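No hydrogens, no waters, no symmetry mates; every other heavy atom, side chains included, goes into these values. Everything numeric here is computed off the predicted structure, so don't read it as measured data.
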Amino acid sequence: MSTTVTPPPRKVNRIGLDVLSYKGGKTTLCAGCGHNSISERVIECFYELGVEPWMVTKFSGIGCSSKSPAYFLNLAHGFNGVHGRMPSVATGAMLANRRILAIGVSGDGDTASIGIGQFMHLLRRNLPLIYIIENNGVYGLTKGQFSATADLGSKLKTGVINDQPPFDCCALALEWGATFVARSFSGDKKQLQAILKAAISHRGLSVIDVISPCTTFNDHEGSTKSYAYMKDHDEPVNEVDFVPHFEDISVEIPEGGVQDVRMHDGSLLRIKKLGRDFDPTDKLRSLTELHQAQQRGEVITGVLFVDTGKPDFHDMLHMVEEPLATLPESRVRPPKAVLDQLMEELR
Amino acid sequence: MSQTFTVAIGGAAGQGVATPGDIFAKIFARRGLHVNTYNAYQSIIRGGHTFLTIRTGVEKVANMGDRIDLLIPLNQDTMDRHLRLLGPGAAVVYNSDSIQPGTAADGVQLCPLPVSQLADVTRNKVAQNTVAIGASLSMLGVGFQPLEEALTEQFKKKGDAVVAENAGVARAGYQYATEHFRPFSRPLPMTENRYAVVGGNMALAMGGVAAGVKFYCAYPMSPSTGVLHWMAAHARKAGIMVRQVEDEIGVINMTIGAAHAGVRAMCATSGGGFALMSEGLGMSAMIETPVVVINCQRAGPSTGVPTKTEQGDLWQMLGAAFGDYPRLIAAPTGILDCFKMIPEMFNLADRFQCPGLVLCDLLLSEGRLSVDPKDLDFNAPIDRGELITSPDGANGDYKRYRITESGVSPRAIPGVPGCIHTAATDEHDEDGVLISDEFTNPIKRRAMMEKRMRKCSGIEAAVPPPRLEGPRPADVTLIGWGSTQGVIQEAVEILNEQGIPANYLPIRWLVPLKGDAILEILRDCRHTIIVENNYSGQFARYLRSETSYVPNGHIRKYDGEPFMPHHIVEAVKEQLAGTTNLSVPMHEIMV
């Protein structure tokens with residue numbers, strides 16, 4: 001007996017694309033790697049928000065983290081730069097073409113070790129870039145040495161104890177100018193989704209530090225970046241819900257004890273306080289919380305800071321609307337009047 | 001060489017050497033005379049010794065020359081250092097209130113100016129400079145009006161009172177000289193031409209404008225900083241995004257990011273900054289994104305002598321970044337060539353999708369030259385090569401690194417539907433997918449290496465061979481590269497005038513070198529000497545490595561100062577006499 005199976009109607013997002021259009025290549029990272037979960041969230045978020053993937057450019061540096069753009073958004077352009085230099089590559093590309101929607105994926109080595117200088121200067125720019133740090137505290141591709149985000153006293157598989165305190169990339173980002181700062185855990189699907197969507201809607205630099213355990217080199221007893229450690233020490237400071245501007249649905253979090261942040265595109269970020277009195281628009285308070293959590297051995301996660309009022313880099317520089325990269329050849333040189341004036345200055 | 005006249009102004013940094021220099025250059029150029037200026041200075045904000053020479057003449061002047069005709073010492077130190085350089089017919093104009101002349105050679109006219117009697121020195125701190133300019137122009141037989149115009153332009157921002165004050169002071173100096181000093185035997189000539197005065201860094205920046213550059217960034221580093229200053233000052237008007245970046249690593253990566261997005265992007269630095277850029281250059285080669293990088297050489301190694309010139313970075317450029325990749329390297333042969341080279345380099349970098357390196361040096365970067373405005377062509381042809389900027393350019397099955405016969409693969413900018421790809425610094429397949437990831441596949445790696453390196457033959461064909469200049473046959477052929485062309489040309493003229501038949505081979509393109517063409521030219525040359533501003537003969541070693549050619553001799557200089565014509569002339573004579581095959585001329589001007 002044969003039956004005809006009617007395929008279910010293809011599920012598409014608001015611009016008519018199915019989720020496959022947001023997928024990437026097959027991952028080559030280790031099974032259980034936190035980075036793969038982050039890639040999944042990126043796919044879901046861009047799909048659900050209905051972003052045109054070909055308008056996106058994926059920037060990355062070098063390391064396991066930086067390979068992951070290959071595993072999402074196949075229809076987006078990619079730029080896989082050298083180690084730790086993604087911030088300036090992205091800056092140059094985005095100044096040349098301000099219509100680029102940019103997502104950068106870096107790791108703790110790429111950002112906090114070799115790339116710390118570039119990262120710090122990126123923070124000053126409020127470039128409208130989503131900067132994800134896939135943070136596992138070790139170098140995976142070179143077989144598990146400590147990075148500069150490894151906690152003091154954290155232990156390698158070989159028994160080596162880390163003897164230097166870590167950089168806290170969220171604290172740096174808060175202090176030096178990022179306008180959206182969040183920390184999450186690759187194992188917290190709901191939180192990471194809401195944070196990523198808010199970052200996609202944010203016009204300015206978003207720094208998202210995601211603790212993303214390395215199952216091969218840093219997931220053992222004594223590591224402070226393992227799944228087990230995070231399960232015990234993850235302290236969300238708030239619960240976040242994201243309502244995109246094109247959807248008219250009720251917010252899951254009920255009124256009361258919430259802070260609503262209206263994003264640039266009209267989307268709503270609803271932030272509910274959890275336990276402590278935490279205000280993500282108060283930069284100094286957030287910094288204090290980060291310091292205190294560090295002392296307690298806790299990892300606070302959630303939206304740590306959001307400021308939608310600052311001009312982004314393009315506005316700061318008074319950039320023209322038209323991208324420089326697509327100017328027709330007839331207009332790449334100044335008009336005659338300007339050239340004549342240049343010559344006049346020389347006489 | 002026809003008659004030229006050289007004014008030299010010296011003093012401590014901060015005493016205002018530059019302004020009189022600008023005024024002289026402007027007046028000479030407006031008079032239809034050619035001008036070349038060279039400033040010998042030190043890495044100090046106040047104090048030290050700065051010595052500016054301005055040489056002028058009816059015919060083109062491409063170097064500082066051998067002789068100072070008029071010395072204007074602004075302090076005693078300058079008088080003490082340089083009076084001995086003056087010969088018969090020369091003059092020294094100085095403030096007799098504060099400066100004592102030493103012993104001058106016979107026939108040198110001492111021209112003391114009682115500045116405090118001619119100007120209110122309590123009000124005008126640089127009165128001695130202005131008085132001296134006035135006096136000098138009187139002795140040169142130049143009317144007062146051009147000076148009045150120049151001073152008006154110089155001071156108009158400060159108001160009419162300041163203009164009038166300075167014009168008064170200048171006139172007092174002018175009249176005093178007319179009454180008290182002997183004019184120079186030949187008054188300064190005049191022609192119908194009107195020249196613009198252009199600095200090398202300015203020329204490089206304007207060359208960028210002519211090339212359609214839309215993105216420029218840099219980290220300040222002498223002697224390249226002038227490019228950044230010009231770009232920053234003209235960014236808005238010229239429609240160029242100009243950024244000062246945290247370091248040269250950021251600079252090169254930002255430049256590549258912008259270029260990758262589709263604009264023409266350029267940056268400039270000096271040797272130390274270039275060293276930091278080499279990692280990024282490798283990236284531009286691997287992802288096949290064209291950028292133009294200018295290295296304005298200073299004397300090295302390390303921080304070296306930041307304010308002195310040298311041609312010591314050739315091997316750094318040849319070896320910049322690890323691995324084999326196609327690159328272009330050219331050294332401008334003069335200040336006007338700084339302008340012309342930029343559009344040319346961009347066209348080739350775009351066509352062959354590889355880094356284009358411009359090897360300039362302090363001598364050109366900070367020197368200034370009279371230029372006929374007609375020679376500054378802002379409509380130079382633009383060839384972006386195989387660049388896809390819209391979906392119309394997409395041709396079905398797009399592969400960014402498609403294997404082609406030429407090695408050049410059509411380059412799509414980000415955001416073109418149908419041409420989406422990933423640019424990666426790891427070795428990749430034709431479609432951009434990394435082959436370093438799972439298994440490298442030696443066949444694919446070989447194919448990609450060969451694809452990229454095949455561009456070298458296209459590059460070789462796109463660049464013209466060098467040409468032998470001057471009479472032939474000749475007893476001696478001088479070979480130089482880049483900035484030494486001007487001084488070699490004059491040395492060759494002098495040699496010919498003195499009865500030693502000489503010609504010269506200026507090298508502009510270093511990669512590709514056109515070695516076969518060079519060998520063909522040199523085969524018939526009787527005695528060849530390579531002239532270069534470095535210790536080890538970097539070009540001589542490069543030429544030998546590429547062609548096995550060994551010249552008869554070398555003239556080298558590595559004291560931070562440029563060659564003067566007589567350095568080369570005398571060295572050639574000693575080498576033709578068989579005394580030596582390596583001459584290292586002594587720089588007589590103590591700066």
[X] versus chain B, heavy atoms under 4.5 Å apart: side chain, backbone, both or neither?
X        : result
A:Ala76  : backbone
A:Thr91  : both
A:Met120 : neither
A:Val338 : side chain
A:Met55  : neither
A:Leu75  : backbone
A:Glu52  : neither

Do you know which of [options] has the most heavy-atom pairs with chain A at a distance under 4.5 angstrom?
options                                : value
B:Glu279, B:Glu153, B:Met206, B:Arg30  : B:Glu279
B:Gly239, B:Gly250, B:Gly257           : B:Gly257
B:Ile252, B:Ile249, B:Ile382           : B:Ile382
B:Val371, B:Ile256, B:Val209, B:Val198 : B:Val209
B:Arg243, B:Arg264, B:Arg194           : B:Arg243

Ring-plane angle category for A:Tyr47 and A:Tyr22, please: parallel below 30°, perpendicular beyond 60°, tilted otherwise. perpendicular
Should the pair A:Tyr139 and A:His83 be assigned to parallel (<30°), tilted (30 to 60°) or perpendicular (>60°) ring geometry? perpendicular
For [X], is it the side chain, the backbone, both or neither that has a heavy atom under 4.5 Å from a heavy atom of chain A?
X        : result
B:Ala210 : backbone
B:Arg236 : side chain
B:Ala238 : both
B:Lys26  : side chain
B:Phe215 : side chain
B:Ile287 : side chain
B:His421 : both
B:Met286 : neither
B:His428 : neither
B:Leu376 : side chain

Salt bridge (charged side-chain N to carboxylate O under 4.0 Å, His left out) evaluation trace for A:Asp18 with A:Arg10: CA-CA 7 Å; A:Asp18 59 14; A:Arg10 198 170 62 110; 3.1 Å; yes
For A:Lys67, which of A:Thr27, A:Thr28, A:Ile62 qualifies under side-chain contact (heavy atoms from CB on, under 4.5 Å)? A:Thr28
Residue that, paired with A:Leu122, satisfies side-chain contact (heavy atoms from CB on, under 4.5 Å) out of A:Thr111, A:Leu205, A:Val207: A:Leu205
Any idea which of A:Val332, A:Leu101, A:Leu342 has the most non-hydrogen atom pairs under 4.5 angstrom with chain B?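 Winner by heavy-atom pair count: A:Val332.
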Using atom types as modelled and distance alone, determine if a side-chain donor or acceptor of A:Ser60 lies under 3.5 Å from a backbone N or O of A:Ser68.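 Between the backbone of A:Ser68 and the side chain of A:Ser60 there is no qualifying donor-acceptor contact (under 3.5 Å).
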Quick test of your reading of the model: are B:Arg411 and B:Asp350 salt-bridged, counting only N-O distances below 4.0 Å?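 The answer is yes: the pair qualifies as a salt bridge.
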When rounded to the nearest 0.5 angstrom, what distance separates CD1 in A:Ile103 from NZ in A:Lys58? 9.5 Å
Quick one, A:Asp340 with A:Lys336, criterion salt bridge (charged side-chain N to carboxylate O under 4.0 Å, His left out). Give me CA distance, side-chain angles, the key distance, then yes/no. CA-CA 6 Å; A:Asp340 288 347; A:Lys336 190 173 177 303; 2.7 Å; yes
Determine whether more than 12 heavy atoms belonging to other residues, nucleotides or ligands lie under 6.0 Å from atom CZ of A:Arg124.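 No, because the 6.0 Å sphere around CZ of A:Arg124 holds 12 heavy atoms or fewer from other groups.
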Would you say B:Tyr195 has more than 12 foreign heavy atoms packed within less than 6.0 Å of its OH?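 More than 12 within 6.0 Å, yes.
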Is it true that the side chains of A:Ser39 and A:Asn36 contain a donor and an acceptor less than 3.5 Å apart?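 Absent: no donor and acceptor within the cut-off.
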Residue pair B:Asp22, B:Arg368: steps toward the salt bridge (charged side-chain N to carboxylate O under 4.0 Å, His left out) verdict: CA-CA 10 Å; B:Asp22 288 344; B:Arg368 276 185 295 171; 2.7 Å; yes
Does the side chain to side chain donor-acceptor pair (under 3.5 Å) test come out yes or no for B:His229 and B:His234, once each step is laid out? CA-CA 9 Å; B:His229 284 173; B:His234 297 84; over 6 Å; no
